[in-house]
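The block underneath contains the structure these notes are about, expressed in structure tokens.
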Number of protein chains: 2
Amino acid sequence: MNQHLKGSLSTIILKLLHDNGRMYGYEITQKVKELTQDDIQITEGALYPILHKLEAEEVLTAETEKVDGRVRKYYKITPKGNAVAVDRIAELKAFAENLNLILNPKLSLS
Amino acid sequence: MNQHLKGSLSTIILKLLHDNGRMYGYEITQKVKELTQDDIQITEGALYPILHKLEAEEVLTAETEKVDGRVRKYYKITPKGNAVAVDRIAELKAFAENLNLILNPKLSLS
DNA sequence: TTTGGATGCATAAGAAAATTATGTATGTTT
DNA sequence: AAACATACATAATTTTCTTATGCATCCAAA
């Protein structure tokens, strides 16, 4: 995985769930791959523990479904979790803007 | 500190040193504060171990100076370290762009 | 037909990278 | 004198990820 992703991964997951309403783990990994043109690959060892933690914190709820013979575990944001998600997404946006400020500092025109 | 900073911190330090040539630790913390309008505060417990590690890897070299009665440890990127720095900064830029793609997904116009 | 690849979830051991707390020291401001 | 800013350092702990492994199903290719 991209080392710069550290710390941002759980918020990215919340963002995708916030946008898409209901997703399962594997779908999240594919969506991130697609959005970033294969640049970001979420590993399972990182993904599932985060989903379980968010579920334990009641930010997410899960429902298992069998689709085409395979089990999928669908996650969505709880009403209670929505405030948390919105907050963290706003922080991630602010962070992205700060990154841009650092990476493309304005020339001093003095 | 901003939790999303995790993982990006060492590259941010390299970026500042790459832009400014020569900086000491405290100066780096102040520069990041300034650039991000107080949004990002680098803690000392994160900063100094990173500087020491980069020095051990010979990406940075350090020189101690006494200025106005206080000791400062100035760091700069080594010739060898420059390639590493340029690489990581490019990766951080790519990451920032990926973040934007995730945070502001294009509407599907199908 | 069986092998490999994609789909799908899970977890354990270890490493990496931060937080939090603490310590030292000097200079400046109140 | 106390508080705050400047300046560096590190130890213990926690968070978070990597790497490896395991299980199971479906589909395509050989």
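The basis for the numbers below is simple: all heavy atoms, side chains too, and nothing from hydrogens, waters or symmetry mates. Within every chain, numbering begins at 1; the chains are lettered A, B, ... in the order of the sequence lines, protein sequences first and strands thereafter.
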Query raised in the report: Is there a residue in residues 80-92 of chain A whose heavy atoms reach under 4.0 Å of DNA chain C, and which residues are they?
Result: none
**Report entry** side chain to side chain donor-acceptor pair (under 3.5 Å): pairs with one or both residues in residues 50-64 of chain B, sequence neighbours excluded
**Finding:** Arg22(B)-Glu63(B), Lys53(B)-Glu57(B)
Query raised in the report: What is the distance, rounded to the nearest whole Å, between atom CD of Gln30(B) and atom C1' of dA7(D)?
Result: 11 Å
Query raised in the report: Honestly curious: do Leu101(B) and Leu9(A) fall in one hydrophobic cluster under the side-chain, below-4.5 Å linking rule?
Result: no
Query raised in the report: Which residues pass the side chain to side chain donor-acceptor pair (under 3.5 Å) test with Lys15(B), sequence neighbours left out?
Result: Asp19(B)
Report task. Would you kindly confirm whether Val84(B) and Leu60(B) end up in one hydrophobic cluster when ILVMFWY residues are joined by side chain heavy atoms under 4.5 Å apart? Result -> yes
Query raised in the report: Counting just side-chain N and O atoms, does Tyr24(A) come under 4.0 Å of either OP1 or OP2 of dG8(C)?
Result: yes
Report summary line: Heavy atoms of Val59(A) and Leu14(A) approach each other most closely as CG1-CD2, 3.9 Å
Please tabulate, for side-chain N and O atoms in residues 86-100 of chain B, each donor-acceptor pair with protein atoms closer than 3.5 Å (sequence neighbours left out).
from, atom 1, to, atom 2, distance (Å)
Asn98(B), ND2, Asp39(A), OD2, 3.0
Asn98(B), ND2, Ala94(B), O, 3.3
Asn100(B), ND2, Ala96(B), O, 3.3

Query raised in the report: Of the candidate nucleotides dC8(D), dT18(D), dT19(C), which contains the atom at the shortest distance from the side chain of Arg72(B)?
Result: dC8(D)
Look for any protein N or O under 3.5 Å of an N or O in nucleotides 20-23 of chain D and output each such pair with its distance, or none.
none

Query raised in the report: Choosing from dT19(D), dT11(C), dA18(C), which nucleotide comes nearest the side chain of Tyr48(A)?
Result: dT11(C)
**Report entry** salt bridge (Lys or Arg N to Asp or Glu O under 4.0 Å) partners of Lys73(A), counting only residues at least two apart
**Finding:** none
Query raised in the report: Can you name the residues that form a side chain to side chain donor-acceptor pair (under 3.5 Å) with Thr11(B), not counting sequence neighbours?
Result: His4(A)
Query raised in the report: Under the ring pair (Phe, Tyr, Trp, His ring centres under 6.0 Å) rule, what pairs show up with a residue in residues 57-88 of chain B, not counting sequence neighbours?
Result: Tyr24(B)-Tyr74(B)
Query - 5' precedence on DNA chain D between His52(B) and Ser10(A) (nearest-nucleotide basis) - result: His52(B)
Could you run down the sub-3.5 Å N/O contacts of the protein with nucleotides 14-16 of chain D?
from, atom 1, to, atom 2, distance (Å)
dT16(D), OP2, Lys53(A), NZ, 3.3

**Report entry** Results of side chain to side chain contact (heavy atoms under 4.5 Å, CB included) for Asp68(B) - residues two or more places apart only
**Finding:** none
All N/O pairs under 3.5 Å across the protein-nucleotides 25-29 of chain D interface:
from, atom 1, to, atom 2, distance (Å)
dT25(D), O3', Gly69(A), O, 3.3
dT25(D), O2, Arg70(A), NE, 2.9
dC26(D), O4', Arg70(A), NH2, 3.1

